[in-house]
Amino acid sequence: MTPSNTSTEAAANVPAESRPSNFIRDIILDDLKTNKYQGRVQTRFPPEPNGYLHIGHAKAICLDFGLADEFHGHTNLRFDDTNPSKEETEYVDSIMEDVKWLGFHWDGLYYASDYFDQLYEWAVKLIKDGKAYVDDLSADQIREHRGTLTQPGKDSPYRNRSVEENLGLFERMKAGEFQDGTRVLRAKIDMASPNLNMRDPVMYRILHASHHRTGDKWCIYPMYDYAHGQSDSLEKVTHSMCTLEFQDHRPLYNWFIEQLGIFPSQQIEFDRLNLTYTMLSKRRLLQLVQEGNVSGWNDPRMPTISGIRRRGYTPEAIRNFVSSIGVSKTEGSIELAMLEHFVREDLNKRAPRVMAVLRPLKVVIDNYQENVVEEMDAVNNPEDENAGTRKVPFSRVLYIDQDDFRENPPKQYFRLSPGREVRLRYGYFVTCASVVKDANGEVVEVHCTYDPASRGGNSPDGRKVKSTIHWVSAAHALDAEVRIYESLFLKEDPNQTEDGKDLTANLNPNSLEVISHAKLEPSLASAAVGNRYQFERLGYFCVDIDSTPGKPVFNRTVALKDTWAKVEKKHGDGKG
Ligand code: ATP
Ligand code: MG
C-alpha cells in the first residue's frame, strides 16, 4: 500500500504524532489511543462502477489508502455495484488501473454484489422483527407520502401488513412474480422523522436486469443506502470515509447496524473536491463522452485520472496536490491553477529539457558555412545533475518560434528583431540582418549573421544580450503534431448555466488547438508513449498514445508560466 514516492517514504520515518494532521487523522489517532478497534485501522474505497474515476476520487483514494497505510492498516477496494448496468466491466477495469497508477494497492477486492445473499437474509430478519415491510405504492405515491422538510410524511396504507404477508410478498418479489416498479421493500422507521432519509427508506426494488457479476440470479436489488453500511460492517471497516452529502444518511446506516446487531463501522464525512473550470460528476462527464464533446473518457482535457494521465500528469503531482489541499467539513472550491502548480513542480525535477519549435519561422545564418553541422552540448536537466548532457545539431538553416521574432518590436520586447543580437541557446550569438516577406507582406524568412567567437552561448568580449531563444536545425528537425489544451470549460463553475441551456453551453471552444507541423530536436526520435519533457521556454509535454513511428504526437501537459506562483505571492501563502 506504499506509494513509491520519496516524500511518503521520508514521511514514514517521522513519528505519527508530529505529522501535519487533519480531523480524520485525529479521530484515528484517538481511536488508537482508546483501543476502540483493538488497534485496527481498516478503510475502503467504494466506487460505483458507472464511469471513470476523476481527480475528486483521487482525493478520496489518497485519504482511504493513505491513512490506513500510515497506521499499518488495510484498505479494501469495493465496487458498489448495486445498480445493474451493461457497461460496468469496462469501468471496473479502468478503476483498478487508475488506483494502481496512483500508487496504491488494495488488500481485499470486493463487490457489494458479493453480499447480495447476506443482505437478503438480513432483510428477511428485519421483516421478521417487524422492521421492514412490502409496499405496493408506486414510486410517485411514495414520493407524495414522504412529506417535506417542514411537513411530516404520511404512513403508507401497506405499512401495517403482517410479518407473514410481508415474508410471502418479499419471497415472491425475489421469485420474479412481479413487474418492475410494482412493489418495494421499505424499512419501518418513522414517517415523521425530521431526517427524510429515516422516513421508511426503500431497501429493495424490483429490477428485471442482468447484473455484470450475478447475471440473472436476482430480479430484486438492494438500494445503495441499504447495502453500503452493511458492506462496511461485513468487511469490519473501522473508519469509513465519504463525502459530506452522506452525513444525513449516517443515522440510517447506524439504524440498520443497530437493528441487525452487527459490527459498527464509523462513518466520517469530508468535503468533496471541487475545482474551478472543471466538472467533477461522472454522470455529466459521461454526457460529454456520449455527445462527442470530447474524444472519450481519456481525452486529455477530461479531469478523469485516465485523461490527466494521458495529458502527462504524474501520480506524485496528484498525491502532492491532494495532500496540500487537506480535508475539512465545509465545501469550497480549489483553483485549477493550484493543480497545475503541482504538476509543474514535479516535472521541473524530473522532465528532461529539449528544444522544440511550435510555430516555425525559418532563420538563415548567412555567414555560416553550408553543409557544416556542429554538435552543440546541451544540459538535460539543470535541476538534476545526474541527468547529463546531449548533443544538438546546429547548422546554417534553423527554425525559431514565430513568437520570438518581431519586425517592429514593442518597447519591452528583447527577442530577435532587425538589428538586434540575441543568444541561440547552446549555440551562438546571432544578429538579425534582413527579412524576406511573402506576397502578403508576412515575414517568412529571417537572415542573420553569427559571431563564431560566441560558440556555446557566451562572447569572449563579455558582450551582453538581453534574450536567449530556442531553435532547431531545419535539416535535422522532426516533424510532430502538438496538441495544446486550455480548460474544457469557460465558466469557473461549469454547472452555472443560463436558463434553458445545459453545461455544453459553457464549453471552451478553444480547449484544443492542434499544431500539425511543429519541429523538434532529433533526440526526440526515440521518445516513447508517455515520456515527459520540458520543451524549453514553452512548457511540459508528453508523448500521446496517438503517436505513430512516422508522426509523433505530443500533448502539452501544462505551460511554463506559473500563474499559481503569482497568486501565491499576492496572498503570501501556499494554500488556496
Ligand atoms: P460522482 O458524483 O462523480 O458520480 P460519486 O460520489 O457518485 O461521484 P462514487 O463512485 O460513489 O462516486 O465515489 C466513490 C468515493 O469517492 C466515495 O466515497 C465518494 O464520496 C468519493 N468522491 C466522489 N467524488 C468526490 C470528490 N469530488 N471529492 C472527494 N471525494 C469524492
Ligand atoms: Mg455515487
Side-chain angles (χ1 to χ4, degrees), residues 22-24 42-68 75-83 85 87-88 90-96 98-99 102 104 106 110-113 222-225 227-229 231-232 235 237 239-250 253 265-290 297 302-308 318-319 321-336 338-339 493-495 503:
N22 61 55
F23 77 95
I24 302 179
Q42 173 74 54
T43 65
R44 87 290 170 261
F45 173 62
E48 186 182 343
N50 60 347
Y52 280 58
L53 296 181
H54 53 59
I55 181 83
H57 293 110
K59 173 173 176 176
I61 291 170
C62 289
L63 276 174
D64 294 331
F65 286 89
L67 283 168
T75 305
N76 293 337
L77 174 60
R78 181 176 69 238
F79 290 100
D80 259 311
D81 57 351
T82 49
N83 200 359
S85 101
E87 293 160 330
E88 281 180 346
E90 177 195 346
Y91 298 137
V92 165
D93 293 344
S94 76
I95 289 168
M96 294 200 276
D98 290 349
V99 172
L102 280 171
F104 298 106
W106 51 88
Y110 299 107
Y111 296 81
S113 54
M223 301 298 289
Y224 178 85
D225 272 356
H228 190 79
S231 302
D232 279 350
E235 292 171 22
V237 168
H239 301 86
S240 173
M241 276 80 84
C242 63
T243 35
L244 286 171
E245 70 272 22
F246 293 104
Q247 194 157 354
D248 290 345
H249 298 239
R250 176 160 28 100
Y253 300 163
S265 301
Q266 172 180 194
Q267 176 170 301
I268 304 165
E269 304 88 9
F270 64 90
D271 59 323
R272 76 169 32 229
L273 171 66
N274 300 305
L275 262 188
T276 57
Y277 304 101
T278 307
M279 170 58 63
L280 294 181
S281 147
K282 281 183 284 185
R283 191 170 56 81
R284 295 253 159 78
L285 294 174
L286 175 64
Q287 184 193 337
L288 296 176
V289 172
Q290 284 175 336
W297 284 100
M302 289 280 270
T304 51
I305 305 295
S306 57
I308 55 187
I318 296 172
R319 293 202 303 262
F321 165 72
V322 166
S323 120
S324 106
I325 58 177
V327 276
S328 82
K329 276 280 187 192
T330 43
E331 281 211 357
S333 185
I334 303 289
E335 303 244 8
L336 180 58
M338 186 166 171
L339 176 63
D493 176 3
N495 285 309
L503 82 150

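Side chains are part of it too, since the values below use all heavy atoms of this structure and drop only hydrogens, waters and symmetry mates. Read the numbers this way: they start at 1 and go in the same order the structure lists the ligands and their atoms.
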Geometric N/O contact [X] with ligand 1, under 3.5 angstrom:
X	answer
Arg44	no
Leu273	yes
Thr243	yes
His54	yes
Lys59	no

- Item | Of the listed options Pro46, Pro303, Gly56, closest to atom 17 (C) of ligand 1 (non-hydrogen atoms) |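 It is Pro46 that holds the nearest heavy atom.
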
- Message: I want to confirm something. Looking only at heavy atoms, which of Met241, Arg283, Arg272, Glu331 is nearest to atom 2 (O) of ligand 1?
- Response: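 Answer by nearest heavy atom: Arg272.
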
- Is it true that Phe246 and Phe270 have ring centroids separated by less than 6.0 Å? no

- Name the one of Val289, Leu288, Ile305, Leu53 that satisfies side chain to side chain contact (heavy atoms under 4.5 Å, CB included) with Trp297?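 Answer to the side chain to side chain contact (heavy atoms under 4.5 Å, CB included) test with Trp297 among Val289, Leu288, Ile305, Leu53: Val289.
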
- Going by an N to O cut-off under 4.0 Å, is there a salt bridge joining Asp232 and Arg44?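 Answer for the salt bridge query: yes.
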
Which atoms of ligand 1 sit under 4.0 Å from any heavy atom of [X]?
X	result
Ala60	16 (O), 21 (C), 30 (N)
Lys282	1 (P), 3 (O), 4 (O), 8 (O), 9 (P), 10 (O), 12 (O)
Phe45	14 (C), 15 (C), 16 (O)

- Drop me the distance from His228's NE2 to Tyr253's OH, to the nearest 0.5 angstrom.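 Rounded to the nearest 0.5 Å, the NE2-OH separation comes to 6.0 Å.
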
What heavy-atom pair brings [X] and [Y] nearest, and what distance separates the two atoms?
X	Y	value
Ala227	Thr82	CB-CG2, 3.6 Å
Tyr277	Pro494	C-CG, 4.0 Å
Pro49	Ile95	CA-CD1, 4.0 Å

